[in-house]
Amino acid sequence: MVEIRITLTEEQQALRKAVYDLCQLYPGAYWRELDEKREYPEAFVQELTKAGDLAALIPEAYGGSGLGILEAGLILEEVNHAGGNAAACHAQMYIMGTLLRHGSEEQKARYLPQIASGTLRLQAFGVTEPNSGSDTTQLQTAAVRHGDTYVVNGQKIFISRVLQSDLMLLLARTTPLPEVRRRTEGLSVFLIDIRNLPGFTVRPLRTMLNHSTNVLFFDNVEIPAESLIGEEGKGFAYILDGMNAERILVASESVGDGRWFIEKAVQYSKDRVIFGKAIGANQGVQFPIAKAHMAVEAADLMRLKAAALFDAGEPCGAEANMAKYLCAEASWEAANACLDCHGGYGFAAEYDVERKFRETRLYKTAPVNNNLVLAYIGQHVLGMPRSY
Ligand SMILES: Cc1cc2nc3c(=O)[nH]c(=O)nc-3n(C[C@H](O)[C@H](O)[C@H](O)COP(=O)(O)OP(=O)(O)OC[C@H]3O[C@@H](n4cnc5c(N)ncnc54)[C@H](O)[C@@H]3O)c2cc1C
């Protein structure tokens with residue numbers, strides 16, 4: 001039987017507080033300035049790495065802290081709750097999971113301790129392509145084996161933190177689609193060193209939020225055959241394996257955002273006096289905030305359930321997906337309540353509301369679109385007819 005705790009242990013509370021305290025060194029003005037310049041939060045990420053927080057999920061044997069997904073989620077939650085943006089570094093936590101679960105002992109010994117210490121940064125995950133989007137099995141980037149190397153050709157889009165990473169996890173097709181029995185076969189995962197890689201071009205793509213996102217071009221890029229993770233052709237299954245962790249971590253970030261929006265809105269609704277009274281006394285202002293608070297708290301329970309199942313090694317696909325969906329929607333509801341409560345000031349950059357509004361909106365779309373989560377629940381959990 002899996003026990004789902006709805007209160008945190010003393011250690012978990014201490015972890016959360018330590019992260020919150022660290023984040024106080026990086027206030028809204030820090031994130032605002034970077035957002036304006038679309039620059040990476042390098043100092044913050046280095047500090048979090050130094051504190052060991054980004055190595056939470058790496059086993060102690062490889063230099064990490066060997067914590068569970070719940071603790072890892074609490075770290076990211078607190079970054080967002082404190083007003084920061086954990087999406088700038090969350091991938092360091094979950095991308096290495098593919099290496100941990102499917103890499104050879106030699107690959108794990110070579111990379112994991114360096115990722116844990118921060119000597120090597122692995123925050124780039126190359127899946128999405130212009131012509132395949134959510135339909136990952138249709139991706140066209142090809143890796144063809146030539147002796148001791150694979151030659152990679154193709155294009156990726158929306159690949160984040162490539163210029164801030166030393167390593168990238170790449171999903172490419174190693175067997176052409178017409179030659180496989182099922183479209184999920186013939187894809188392979190590679191862990192590649194992207195520093196000074198001939199034929200590899202990175203073009204930054206400006207987006208609605210500060211996310212260090214890029215278009216990538218592979219023009220006869222030669223990578224060592226030993227960068228293949230696990231067996232050739234099994235890459236899609238390996239990537240799917242890591243999805244539950246990713247969903248739970250993103251759900252946690254949304255909970256953190258939701259709490260930031262609620263606290264900000266409550267405070268402002270008490271302070272702002274219009275028509276001779278605090279605006280929060282008006283039910284038109286108060287009720288949407290109360291409603292959003294309930295949505296965030298309810299979504300958090302699903303996050304806790306998914307995390308408890310994950311950490312117990314139980315199947316948790318349904319719960320992880322539901323948590324991601326519910327938390328992202330709840331945070332978006334809180335973002336709108338907070339923006340409405342602030343009136344025109346919600347749109348003024350110095351209040352940070354508009355920045356967080358843009359940042360939290362992403363969680364409804366990436367790393368997986370909420371429509372695709374609904375399709376997963378409808379088709380895989382409830383057994384309804386497939387749309388794809
Ligand atoms: C800021 C940002 C950072 C990102 N970082 C990364 C990254 O680091 N690595 C990476 O690989 N990708 C990354 N992505 C890509 C992201 O994962 C994709 O944008 C997302 O998965 C959706 O793919 P798409 O944009 O091609 O949308 P499409 O697949 O074209 O879908 C468009 C719309 O149609 C809907 N739709 C499509 N099919 C169905 C269906 N069967 N049922 C219902 N609705 C459907 C979708 O839900 C969506 O609303 C990032 C994206 C953004 C915006």
Side-chain angles (χ1 to χ4, degrees), residues 34-35 38 40-41 45 85-98 121-141 152 154-165 167-173 183 187-192 194 202-218 235-236 238-240 242-243 245-247 249-250 253-254 257 321 324-325 328-329 332 355-382 384-388:
L34 294 172
D35 178 68
R38 290 294 193 274
Y40 190 70
V45 174
N85 183 18
C89 51
H90 60 186
Q92 179 94 359
M93 281 191 178
Y94 60 73
I95 298 178
M96 67 82 211
T98 304
R121 202 181 266 167
L122 169 60
Q123 296 215 13
F125 191 17
V127 177
T128 307
E129 295 190 5
N131 296 327
S132 54
S134 310
D135 193 359
T136 305
T137 59
Q138 300 302 311
L139 63 77
Q140 293 163 343
T141 295
V152 183
Q155 189 181 336
K156 298 270 173 191
I157 191 162
F158 295 122
I159 311 305
S160 306
R161 299 164 300 272
V162 177
L163 295 171
Q164 291 77 24
S165 292
L167 307 172
M168 173 167 71
L169 199 69
L170 173 74
L171 187 66
R173 189 157 273 293
R183 59 196 170 138
L187 292 166
S188 300
V189 173
F190 300 91
L191 182 64
I192 58 177
I194 48 178
V202 183
R203 199 184 73 206
L205 181 71
R206 192 178 165 93
T207 57
M208 188 171 105
L209 72 167
N210 186 17
H211 207 82
S212 318
T213 300
N214 308 280
V215 184
L216 311 182
F217 302 91
F218 297 84
F236 189 73
Y238 298 163
I239 297 293
L240 282 189
M243 294 290 182
E246 184 189 85
R247 307 275 193 270
L249 293 177
V250 166
E253 290 167 45
S254 300
D257 274 347
N321 274 281
K324 187 272 173 189
Y325 178 97
E329 294 292 336
W332 182 233
R355 171 179 61 84
K356 294 282 285 179
F357 185 86
R358 288 181 279 117
E359 287 169 359
T360 214
R361 180 61 180 78
L362 179 67
Y363 296 129
K364 275 162 61 80
T365 301
V368 61
N369 199 288
N370 270 2
N371 261 6
L372 272 288
V373 176
L374 288 171
Y376 174 85
I377 298 299
Q379 295 161 28
H380 293 277
V381 180
L382 301 177
M384 289 189 275
R386 296 177 66 100
S387 71
Y388 56 88

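Ligands are counted one by one from 1 in listed order, and the atoms in each one are counted from 1 as well.
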Asks: Mind checking what makes salt bridge (Lys or Arg N to Asp or Glu O under 4.0 Å) contact with Arg121, not counting sequence neighbours?
Replies: Glu42
Asks: Could you tell me which residues satisfy salt bridge (Lys or Arg N to Asp or Glu O under 4.0 Å) with Glu253, sequence neighbours excluded, listed by chain and number?
Replies: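 Once residues adjacent in sequence are excluded, Glu253 has no partner under the salt bridge (Lys or Arg N to Asp or Glu O under 4.0 Å) criterion.
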Asks: Is there a side-chain contact between Leu170 and Lys156, using heavy atoms and a 4.5 Å cut-off?
Replies: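 Sidechains of Lys156 and Leu170: in contact.
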Asks: Can you tell if the side chain of His380 reaches within under 4.5 Å of the side chain of Asn321, non-hydrogen atoms only?
Replies: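 Not touching, per the 4.5 Å side-chain cut-off.
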Asks: Which residue pairs satisfy the salt bridge (charged side-chain N to carboxylate O under 4.0 Å, His left out) criterion with at least one member in residues 362-371, sequence neighbours excluded?
Replies: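 Applying salt bridge (charged side-chain N to carboxylate O under 4.0 Å, His left out) to every pair that reaches into residues 362-371, excluding sequence neighbours, yields Glu329-Lys364.
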Asks: Testing the 3.5 Å rule here: is there a donor-acceptor pair between the side chains of Asn85 and Lys356?
Replies: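 Note: Asn85 and Lys356 side chains miss the donor-acceptor criterion.
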Asks: Distance under 4.0 Å, heavy atoms only, partner ligand 1: which residues pass?
Replies: Phe125, Val127, Thr128, Gly133, Ser134, Phe158, Ile159, Ser160, His211, Thr213, Leu362, Thr365, Ala366, Pro367, Asn369, Asn371, Leu372, Ser387, Tyr388
